[in-house]
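One structure is given below, encoded as structure tokens.
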Amino acid sequence: MLATRRDTTRLGKRIADALEPGDLVLLSGDLGAGKTFLARAIARARGVPAEIAIASPTFTLVQEYETPRGTLLHVDLYRLREEGDPEKTVKEVRRLGLDERRADGAILLVEWGEELDRELGGPAALSVVLTLEGEGRRASLS
């Protein structure tokens, strides 16, 4: 249970400490479940300085951060998801070249990446599902 933002930040640090070059982390959950907040916590724990804004990549699709521990890409595929046309979604995700970046050692934190792991370079090292629960959130990791 993530009762506070501090709990989410602590989870982000634990995840950040476990990540290796080329890892994929899928962040799932409804709008407002805290995916971007968790991604921000992971990025800060990986060494992205406080003076660098970590915004949701909803409109830019990909935000890239160079850290002392390697390249980190924060990705939001929400706008690329085509209801009823999964092939179009796959084509759009492939155009981003995220599988190649991952092969080069970048760590990918991907929101809305469910069922696209092949286009993202293979199975995820970690999947985090966030759900709203009362005043807090619940994180399920697999």
Side-chain angles (χ1 to χ4, degrees), residues 1-83 86-142:
M1 181 69 175
L2 305 172
T4 66
R5 295 178 127 215
R6 186 168 294 174
D7 292 336
T8 304
T9 300
R10 274 185 239 150
L11 174 61
K13 179 168 179 6
R14 289 194 351 244
I15 292 170
D17 289 345
L19 293 175
E20 298 290 332
D23 277 351
L24 168 64
V25 178
L26 295 175
L27 303 172
S28 305
D30 291 333
L31 290 171
K35 297 178 296 295
T36 298
F37 187 87
L38 180 58
R40 186 177 300 122
I42 294 168
R44 292 283 183 233
R46 294 286 301 181
V48 176
E51 63 270 7
I52 294 177
I54 300 174
S56 171
T58 300
F59 297 104
T60 59
L61 301 180
V62 180
Q63 295 283 4
E64 182 170 338
Y65 304 99
E66 291 301 327
T67 77
R69 297 166 65 188
T71 302
L72 179 75
L73 302 177
H74 181 195
V75 182
D76 187 329
L77 300 177
Y78 181 77
R79 291 188 327 122
L80 296 183
R81 295 190 84 70
E82 289 287 334
E83 295 276 331
E87 285 303 312
K88 185 174 181 186
T89 300
V90 165
K91 284 181 185 177
E92 292 299 318
V93 172
R94 282 187 185 142
R95 284 187 185 151
L96 295 175
L98 297 170
D99 56 339
E100 294 168 10
R101 296 301 308 278
R102 188 172 168 204
D104 289 340
I107 292 172
L108 274 60
L109 305 177
V110 181
E111 299 182 37
W112 302 97
E114 302 85 3
E115 300 171 13
L116 293 166
D117 52 339
R118 193 167 86 185
E119 290 71 34
L120 296 169
L126 178 66
S127 292
V128 182
V129 178
L130 295 165
T131 53
L132 296 171
E133 197 165 290
E135 296 293 315
R137 291 167 171 76
R138 178 168 301 282
S140 300
L141 284 67
S142 60

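Numbering starts at 1 and runs along the sequence shown. Quantities reported herein were computed from a predicted structural model and do not represent experimental measurements.
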List the residues meeting salt bridge (Lys or Arg N to Asp or Glu O under 4.0 Å) with [X], not counting sequence neighbours, and say none if there are none.
| X | value |
| --- | --- |
| Arg94 | Glu119 |
| Arg101 | Glu64 |
| Lys91 | none |

*Could you give all pairs that pass the ring pair (Phe, Tyr, Trp, His ring centres under 6.0 Å) test and reach residues 42-72, with sequence neighbours left out?*
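For residues 42-72, and leaving out neighbouring residues, there are no ring pair (Phe, Tyr, Trp, His ring centres under 6.0 Å) pairs at all.
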_Residue pairs involving residues 109-131 (criterion ring pair (Phe, Tyr, Trp, His ring centres under 6.0 Å); sequence neighbours excluded)_ =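 Ring pair (Phe, Tyr, Trp, His ring centres under 6.0 Å) check on residues 109-131 returns Tyr78-Trp112.
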Between [X] and [Y], is any pair of side-chain heavy atoms under 4.5 Å apart?
| X | Y | value |
| --- | --- | --- |
| Val110 | Leu77 | yes |
| Leu116 | Val90 | yes |
| Gln63 | Ile54 | no |
| Leu2 | Leu130 | yes |

Show every donor-acceptor pair shorter than 3.5 Å between a side-chain atom in residues 21-28 and any protein atom, with sequence neighbours excluded, or say none if there are none.
from, atom 1, to, atom 2, distance (Å)
Asp23, OD2, Glu20, N, 2.8
Ser28, OG, Glu114, OE2, 2.5

*Exam field: side chain Lys35 to backbone Asp30, donor-acceptor pair closer than 3.5 Å*: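 Present.
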_Donor-acceptor under 3.5 Å (Arg79 side chain, Leu61 main chain)_ =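 Such a contact is absent between Arg79 side chain and Leu61 backbone.
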Value rounded to 0.5 Å, distance of [atom1] in [X] from [atom2] in [Y]:
| X | Y | atom1 | atom2 | result |
| --- | --- | --- | --- | --- |
| Leu38 | Thr8 | CG | OG1 | 7.0 Å |
| Thr71 | Asp104 | OG1 | CG | 9.0 Å |
| Asp99 | Arg102 | CG | CZ | 9.0 Å |
| Leu96 | Leu120 | CG | CG | 9.0 Å |

*Listed by chain and number, what are the side-chain contact (heavy atoms from CB on, under 4.5 Å) partners of Arg5, not counting sequence neighbours?*
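Once residues adjacent in sequence are excluded, the partners of Arg5 under the side-chain contact (heavy atoms from CB on, under 4.5 Å) criterion are Phe37.
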*Can you list the residues that meet the side-chain contact (heavy atoms from CB on, under 4.5 Å) rule with Glu82, with sequence neighbours excluded?*
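Per chain and number, Glu82 pairs via side-chain contact (heavy atoms from CB on, under 4.5 Å) with Asp85, Lys88, Thr89.
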*List for me each residue that meets side-chain hydrogen bond (donor to acceptor under 3.5 Å, both in side chains) alongside Ser140, sequence neighbours excluded, and say none if there are none.*
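With neighbours one apart ignored, the set is empty.
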_Which residues pass the side-chain hydrogen bond (donor to acceptor under 3.5 Å, both in side chains) test with Ser127, not counting sequence neighbours?_
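If we apply the side-chain hydrogen bond (donor to acceptor under 3.5 Å, both in side chains) test to Ser127, skipping adjacent residues, there are no hits.
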Without placing hydrogens or testing angles, list every side-chain donor-acceptor pair under 3.5 Å for residues 45-52, not counting sequence neighbours.
from, atom 1, to, atom 2, distance (Å)
Arg46, NH1, Ala16, O, 3.0
Arg46, NH1, Leu19, O, 3.3
Arg46, NH2, Arg69, O, 2.9

*So, are Asp7 and Arg10 salt-bridged, with charged N and O less than 4.0 Å apart?*
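Yes.
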*Listed once per pair and sorted, the salt bridge (charged side-chain N to carboxylate O under 4.0 Å, His left out) pairs that draw on residues 122-140, sequence neighbours left out*: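 Every salt bridge (charged side-chain N to carboxylate O under 4.0 Å, His left out) pair that includes a residue of residues 122-140, provided the two are not neighbours, is Glu133-Arg138.
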